[in-house]
Amino acid sequence: MTRFSQSFIPTLKDAPGDAEALSHKLMVRAGLIRQVGAGLWSYLPAGWRVERKVEGIIREEMEAIGAQEMLMPVLQPSEAWEKTGRHSIDELFKLEDRKGTSMVLAMTNEECVTQHVAREVRSYRDLPLMLFQIQTKERDEPRPRAGVLRTREFTMKDAYSFDRDEEGLARSYELQTGAYERIFDRCGLRWYRVESDVGMMGGSAAHEYMAPCPGGENEVALATGYAANLEIASAVAQPVELPAALEAVEKVSTPGLATIEEVSNHLDLPAAALIKALPVLVEGRGMAIVLIRGDHRLNEIKLRNALGADFRQARPEEIETEIGPVGFIGPVGAKVPVIKDAAIIGDSFVAGGNEPDIHLRGVRPGRDFQFEEMDVRTVEAGDTTPGGGTIEIEPAIEVGNIFKLGTRYSEPLGATFLDDSGTERAIVMGSYGIGPARISAAAIEQGADECGIVWPRSIAPWQVHLVSLAKAGEDARAAADSLYDELQDAGVEVLYDERDAGPGEKLTDAELLGCPLRIVVGRRGLAEGVVEASERSSGSEHKLPVEKAAVRAQALLQRGDG
RNA sequence: CGGGGAGUGGCGCAGUCUGGUAGCGCACUCGGCUGGGGGCCGAGCGGUCGCAGGUUCAAAUCCUGUCUCCCCGACCA
């Protein structure tokens with residue numbers, strides 16, 4: 001029962017001036033959402049319908065793999081978060097109740113759900129177990145942005161698997177993977193499953209589900225048979241032609257030339273023929289130099305993972321005292337450990353000479369300096385995969401992620417069971433998240449055209465957008481009224497625009513709102529005995545005989561996408 | 001946290017440099033016309049110019065402080 005004139009669907013001709021992302025503009029313009037504060041949004045009735053559609057699909061697919069829905073509080077005591085070491089995360093909202101008890105607002109629910117399971121599960125007979133909820137999450141984001149894409153409060157489906165061992169976890173992970181594929185397919189998204197960093201969740205393996213679209217804030221490296229988040233992507237670099245090898249390194253005078261660009265111009269060599277030396281301070285180990293090919297960029301996440309330790313860039317004064325003049329740092333003769341990126345291949349590079357205004361040429365790794373090799377550079381478009389594919393890089397929205405947590409949470413929280421030999425063991429866990437709001441935003445970004453949103457049928461707020469061009473009292477209006485009733489009786493979700501407004505306004509709003517099928521009832525069509533249906537996604541138009549309109553409309557919907 | 005931008009009626013904006021009693025378009029209300037792509041005519045309603053303090057005869061405008069929002073980066077399940 002949705003009559004536009006009585007509904008709270010405040011559409012806008014102009015997007016707010018501060019909106020950038022397409023999904024942000026369209027969601028506001030179509031009257032789906034309104035802002036409350038930075039990263040805080042209300043869902044208006046039409047937007048909420050979409051959100052619930054997405055949640056419904058997620059719920060069905062979770063239940064189909066045997067996951068059981070439950071609900072945990074957003075507000076939780078800090079204690080468990082202290083036990084798992086996650087209380088120190090900056091994004092975690094912390095507060096105190098009136099008694100001074102330290103509380104947090106949950107950003108995910110590993111602590112809470114693991115405690116429940118720890119208290120109740122004793123035996124291997126109680127496992128495996130899969131639980132999920134669709135609940136508000138809170139994160140003190142350093143920088144909320146792009147409408148609903150990165151917010152401080154949002155709804156997330158979070159699921160957790162509990163298994164006896166790694167094999168069990170692998171099975172649960174597979175089940176979730178299958179469910180995720182069905183969910184994103186059913187929501188009409190184009191998506192990739194990519195390998196990802198485990199990040200603050202901890203754990204042994206992780207994948208992300210990425211929906212490619214212009215507004216995406218992640219970057220995905222793609223090639224035939226390969227897909228990875230750029231944060232961890234690995235590939236073979238494009239080769240570089242180096243100058244002829246030398247018997248020994250030679251000093252070159254490079255007065256005042258401290259950047260790759262300056263040196264490469266001065267020596268008339270490509271940047272890739274130079275070695276960039278990045279002094280870092282590794283936690284617990286001290287100063288080291290990381291070597292990257294001149295045209296490459298360091299990937300801090302890969303370095304952190306390769307080191308197995310945190311690090312930071314060394315400060316100029318630290319570099320001066322431990323290595324040499326900033327801008328002329330190199331591996332040859334350096335008195336600190338050297339980490340060489342795997343893409344530095346060859347025997348005649350230019351590198352800093354560790355003395356003012358001096359670079360070295362003919363530098364050959366292994367002969368002129370010792371090193372430890374690691375893959376720590378950021379992959380670039382045009383690189384190749386071991387399988388021979390060429391890497392492309394695309395922006396994407398992360399719509400879901402899955403983690404093999406192992407015993408990261410069960411150990412500190414004492415979630416154990418007795419196995420069939422009577423031995424106490426830690427439960428092996430996985431965690432699986434999906435952001436419904438990101439699904440709808442991604443669907444908008446992927447499908448929209450210049451007129452507005454084009455919803456996949458499965459998550460459209462209504463199936464039919466019925467427009468009456470006539471005023472109350474006219475024959476054409478009576479025909480629209482009865483078509484509305486017929487469609488409703490047939491169980492079709494229909495938004496009926498019977499506002500006393502101009503035709504342009506109503507048709508434009510219908511396109512903005514993006515429901516799959518628009519049906520226009522007006523005098524012109526009625527004179528021929530028809531109403532006009534148009535499919536939002538293809539734009540194709542159909543004249544439907546008035547008396548069969550409801551049935552024919554349903555047939556068109558069946559035939560359409562989703 | 002670093003850099004940049006912006007707060008003036010519901011929305012989009014001008015006015016700020018050069019101080020002088022706040023304006024435009026859309027929306028909204030009323031009346032009329034119109035009725036297949038945001039139409040036309042007329043009459044209206046609506047604003048502590050983010051907030052606080054200061055300078056001045058006088059502050060949207062100048063000064064100081066502060067809050068909020070947006071963008072880029074850092075960060076980010």
Side-chain angles (χ1 to χ4, degrees), chain A residues 10-21 24-25 28-29 31 34-41 86 89-92 106-111 137-147 149-152 154-160 196-203 206-209 215-219 229 231 300-301 304 312-313 397-403 405 408 431-435 437-438 451-452 467-474 476-477 480 497 499-512 518 520-528 531-532 534 541:
Chain A
T11 58
L12 259 27
K13 199 184 286 190
D14 300 305
D18 54 22
E20 285 292 316
H24 179 186
K25 290 183 190 163
V28 173
R29 283 227 292 139
R34 284 294 185 268
Q35 184 162 27
V36 175
L40 300 170
W41 293 84
R86 290 214 299 171
I89 292 173
D90 289 334
E91 282 74 29
L92 184 65
M107 55 200 306
T108 61
N109 288 72
E110 282 78 3
E111 282 78 2
K137 302 292 182 295
E138 307 282 346
R139 287 188 193 172
D140 194 357
E141 286 289 345
R143 189 181 153 208
R145 74 181 110 183
L149 280 186
R150 179 165 291 276
T151 56
R152 294 193 289 178
F154 58 99
T155 301
M156 180 170 123
K157 184 283 304 180
D158 45 324
Y160 305 91
S196 73
D197 186 48
V198 294
M200 73 169 164
M201 300 295 303
H207 289 87
E208 288 167 337
Y209 289 83
E217 54 177 354
N218 291 87
E219 289 187 298
N229 191 318
E231 292 174 353
E300 300 198 359
I301 292 171
R304 203 161 278 132
R312 65 165 172 82
Q313 278 187 6
I397 295 179
E398 179 190 348
V399 288
N401 53 36
I402 55 180
F403 293 90
L405 296 175
R408 162 75 179 80
S431 102
Y432 316 89
I434 290 183
R438 286 183 168 186
C451 296
V467 177
S468 167
L469 293 180
K471 278 195 298 188
E474 297 178 1
R477 173 60 178 275
D497 190 351
R499 291 175 297 175
D500 185 15
E505 194 173 340
K506 295 194 216 181
L507 297 174
T508 310
D509 274 350
E511 276 144 16
L512 218 206
R518 184 187 75 192
V520 175
V521 182
R523 210 173 16 181
R524 191 189 283 175
L526 252 27
E528 302 173 39
V531 299
E532 293 134 281
S534 87
E541 314 238 348

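Naming convention: chains lettered A, B, ... in sequence-line order (proteins, then strands); numbering from 1 in each chain.
Residue contacts shown for F154(A) include a base, since a base heavy atom lies under 4.0 Å away. Across all strands, A470(A) comes closer than 4.0 Å to no nucleic acid atom at all (heavy-atom distances). At a threshold of 4.0 angstrom between heavy atoms, the contacts of E300(A) are confined to the sugar-phosphate backbone, with no base atom among them.
Only the C1' atoms considered, rC45(B) is 13 Å distant from rA27(B), to the nearest whole Å. Taking atom P on both nucleotides, rC17(B) is separated from rA59(B) by 14 Å, rounded to a whole Å.
Taking the charged nitrogens against the carboxylate oxygens, E511(A) and R518(A) do have a contact shorter than 4.0 Å, which makes a salt bridge.
Donor-acceptor pairing under 3.5 Å, judged by distance alone, is present between the side chain of R150(A) and the base of rC76(B).
Counting non-hydrogen atoms of neighbouring residues, nucleotides and ligands closer than 6.0 angstrom, the CD atom of Q313(A) reaches no more than 12 such neighbours. R152(A) CZ: more than 12 foreign heavy atoms inside a 6.0 Å radius.
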Whether each nucleotide of nucleotides 28-34 of chain B has a protein heavy atom under 4.0 Å at its base (B), only at its sugar-phosphate (S) or at neither (-) is summarised, 5' to 3', as -------
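Taking only side-chain atoms of M156(A), from C-beta outward, the nucleotide of rC71(B), rG38(B), rA77(B) with the closest atom is rA77(B). Comparing rC71(B), rG36(B), rA77(B) by their closest approach to the side chain of V520(A) singles out rG36(B).
Applying the side-chain contact (heavy atoms from CB on, under 4.5 Å) test between M107(A) and each of D140(A), D158(A), I89(A) identifies I89(A) as the sole match.
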Would R438(A) and R150(A) count as a side chain to side chain contact (heavy atoms under 4.5 Å, CB included) here? Give the steps. CA-CA 9 Å; R438(A) 286 183 168 186; R150(A) 179 165 291 276; 3.6 Å; yes
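For the OP1/OP2 pair of rG36(B) and a distance below 4.0 Å, the side-chain nitrogens and oxygens of R523(A) include at least one atom meeting the criterion.
Pair assignment for rG36(B): none, as no Watson-Crick or G-U wobble contacts are both less than 3.5 Å.
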